[in-house]
Amino acid sequence: MKFPLFIAGRYLFARKSHNVINIISAISAAGMAIGTAALIIILSVYNGFDGLVRNSMNTLDPDYLICAREGKVFKIEDHKEAFDKLYEIEEISSICTLLEESVFVNYDNRQAAVRAMGVDAVFEEETRLRDHIRSGQFRLHRGDIPEVCVGAGLAHKLGLNPRFVTPLEIYYPSRTRKPSMANPLNTLNYAKVYPTGTFSVNNDIDQQYIVLPIEKMRELLEYESEVSAVQVRLGFWAENQNIEKKISQIVGEDFIVKDRYRQNENLYKMMKYEKISIWLILVFIIIIIAFNIFGSLSMLIIEKKNDIRTLQFLGMPQRSVRNIFVLEGWLISLLGLGVGLLIGIGFALLQQQFGFIKMPGAFMVSAYPIVIQGMDILVTALSVAVVGYFIAWLPSRASL
């Protein structure tokens, strides 16, 4: 294998009798370098946006969410002993309750169907929504008066401004009163709350969520002490090992414990499939670029017919002769791979450090986010190497 590799290396840098072979080989190496760099850069940018999405979801999503296995709501009092034991887990920093439901809102004669999240005092005290306030402030009580915070997209749709004194009216069908054709409004429960701030987390949350005190939600939904879920947040010191199993054992089979992945399983699956799709598209482009190697090798084999005949007369096996040209084509692709990795990683590091390519419009970050992952580099290198070897093998197999 060393002798074919030696000859392939000589052919790679030797001057050919036909300059077009050198030109096609250079174009092939440059194409592989550009394709490799594009893979690294685009996957790293995708990782950056993926991280932004995950961080934004973490604003409302706790480390673990405890929901009833059956039914929409449950009472903590019916399982008080189990939930009290949760505080014995050292890694848990806070536990809060929420009551969530779809409701209808009206603001200054503009209406929308939204998701209302009623939260308790612990959530109000420790929430990360304060870091995402666009206007006003995060506050759900003014003395005994309940208030509400609204997603920025929903606020724009309703024309809502926290500086205005117009209240937000919330409606929900009564669970106890029978429908009346004579007076349909009599079957709707009604609550009036004043907006204090708007928040921006991500597009889905911004367009549909409002946050208000849980006691006002219970009054609207005609509940006494029911909750729809219990949020569990871990301390920064927690290692997050087997905690889900501990919580599940404590609360029992009547409840489902969801980690962050299971809370948004469809979203995370979609993001994973999107990344795979991006990788497949770029690899397909690299395959197209690599066919330049096919052309240059086919021409090189024709040019080196005399050398091939001489090597065969000297006793070199046909397989070794074929390996010379396979390795020649592979070296072209590996040269492009090496240069592409340097360009891609270098560009990603510069963007990560200086952010010289800015995001258009108003976004949560000013520059394109970028995160380099070792697995992406490894998969890219293997993909380009395999494609390069396969394309180099084709003309050698067909012509020799």
Side-chain angles (χ1 to χ4, degrees), residues 57-68 71-80 82-84 86-87 92-105 107 112-130 132-133 136-151 154-155 162 167-176 188-199 201 205 208-233 247 251 254-258 263:
M57 295 303 297
N58 292 346
T59 301
L60 278 182
D61 294 339
D63 294 292
Y64 294 103
L65 188 71
I66 305 174
C67 305
K72 295 176 64 174
V73 297
F74 61 94
K75 289 186 177 182
I76 296 290
E77 293 82 357
D78 296 341
H79 310 273
K80 189 175 186 304
F83 281 96
D84 285 344
L86 291 179
Y87 291 96
I92 293 178
S93 66
S94 66
I95 299 174
C96 59
T97 57
L98 59 87
L99 182 59
E100 187 174 335
E101 188 56 88
S102 296
V103 299
F104 183 81
V105 298
Y107 182 83
V114 305
R115 292 291 292 179
M117 180 185 290
V119 299
D120 62 12
V122 177
F123 182 100
E124 184 178 356
E125 181 67 26
E126 300 185 1
T127 182
R128 300 171 187 170
L129 275 178
R130 283 189 176 83
H132 297 267
I133 292 297
Q137 59 182 312
F138 184 82
R139 189 184 67 218
L140 302 183
H141 290 90
R142 182 188 293 271
D144 294 332
I145 301 174
E147 296 174 315
V148 64
C149 281
V150 182
L154 178 61
L168 181 70
E169 300 170 348
I170 308 175
Y171 297 89
Y172 186 78
S174 172
R175 298 186 303 110
T176 58
L188 295 177
N189 289 330
Y190 164 79
K192 181 189 295 185
V193 285
Y194 289 88
T196 59
T198 62
F199 56 84
V201 178
I205 292 175
Q208 61 177 325
Y209 268 91
I210 64 174
V211 181
L212 67 158
I214 193 169
E215 60 270 16
K216 196 65 179 178
M217 274 293 290
R218 285 173 178 155
E219 178 184 332
L220 181 69
L221 304 183
E222 298 176 332
Y223 286 132
E224 296 178 358
S225 59
E226 286 84 349
V227 300
S228 55
V230 173
Q231 292 190 346
V232 176
R233 293 193 181 273
I247 296 174
V251 298
D254 293 336
F255 296 93
I256 300 173
V257 180
K258 299 180 180 179
Q263 291 172 49

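Within the 4.5 Å cutoff, the side chain of V122 has no heavy atoms near those of the I95 side chain. Two residues are said to be in side-chain contact when any heavy atoms from C-beta on lie closer than 4.5 Å; R233 and R128 meet this criterion. Side-chain contact check for Q231 versus L65: some heavy-atom pair is nearer than 4.5 Å. Between E126 and C96, the closest side-chain pair of non-hydrogen atoms is not below 4.5 Å. In this structure, the side chains of E101 and R115 come closer than 4.5 Å at one or more pairs of heavy atoms. At least one side-chain heavy atom of T198 sits under 4.5 Å from a side-chain heavy atom of P162. Inter-residue side-chain proximity for V119 and T127 is flagged as unmet; no heavy-atom pair is nearer than 4.5 Å. The shortest distance between side-chain heavy atoms of N189 and L221 does not fall below 4.5 Å.
Around the CZ atom of R175, the shell of radius 6.0 Å holds more than 12 heavy atoms that belong to other residues, nucleotides or ligands. Atom CD of E125 sits in a sparse spot, with 12 or fewer heavy atoms from other residues, nucleotides or ligands closer than 6.0 Å.
Between the side chain of R218 and the backbone N or O of V227, no donor-acceptor pair lies under 3.5 Å. A donor-acceptor distance shorter than 3.5 angstrom exists from the side chain of S228 to the backbone of L98, with no hydrogens or angles considered.
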Step-by-step side chain to side chain donor-acceptor pair (under 3.5 Å) determination, T196 to E147
CA-CA 7 Å; T196 59; E147 296 174 315; 4.7 Å; no
Derivation and outcome, side chain to side chain donor-acceptor pair (under 3.5 Å), residues S174 and E222:
CA-CA 7 Å; S174 172; E222 298 176 332; 3.0 Å; yes
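Considering all non-hydrogen atoms of both residues, V103 and A116 come closest at CG2-CB, 3.7 Å. Closest non-hydrogen pair, S225 versus E77, comes out as OG-OE1, 3.2 Å.
Between the CZ atom in F138 and the NE2 atom in H132 there is a gap of 11.5 Å [rounded to 0.5 Å]. How far CD of E226 is from NZ of K75: 5.0 Å, rounded to the nearest 0.5 Å. One distance of note links CG of L86 with NE2 of H79; it measures 12.5 Å at 0.5 Å rounding. If you take CG on L168 and CG on L154, they are separated by 8.0 Å, rounding to the nearest 0.5 Å. Residue K258 holds its NZ atom at 12.0 Å from CD1 of I66, rounded to the nearest 0.5 Å. Distance check, rounded to the nearest 0.5 Å: CG of L99 to NZ of K72 gives 9.5 Å.
Ring-plane geometry between F83 and F255 is classed as perpendicular, the angle between the planes exceeding 60 degrees on a 0 to 90 degree scale with a lower cut at 30.
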Would you list the atom pairs, donor with acceptor, under 3.5 Å between side chains in residues 209-216 and any protein atom, with sequence neighbours excluded?
from: Y209; atom 1: OH; to: E100; atom 2: OE2; distance (Å): 2.7
from: E215; atom 1: OE2; to: H141; atom 2: NE2; distance (Å): 2.6

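Each of V105, I170, L220 was checked for a side-chain contact (heavy atoms from CB on, under 4.5 Å) with V193, and the lone residue meeting it is I170.
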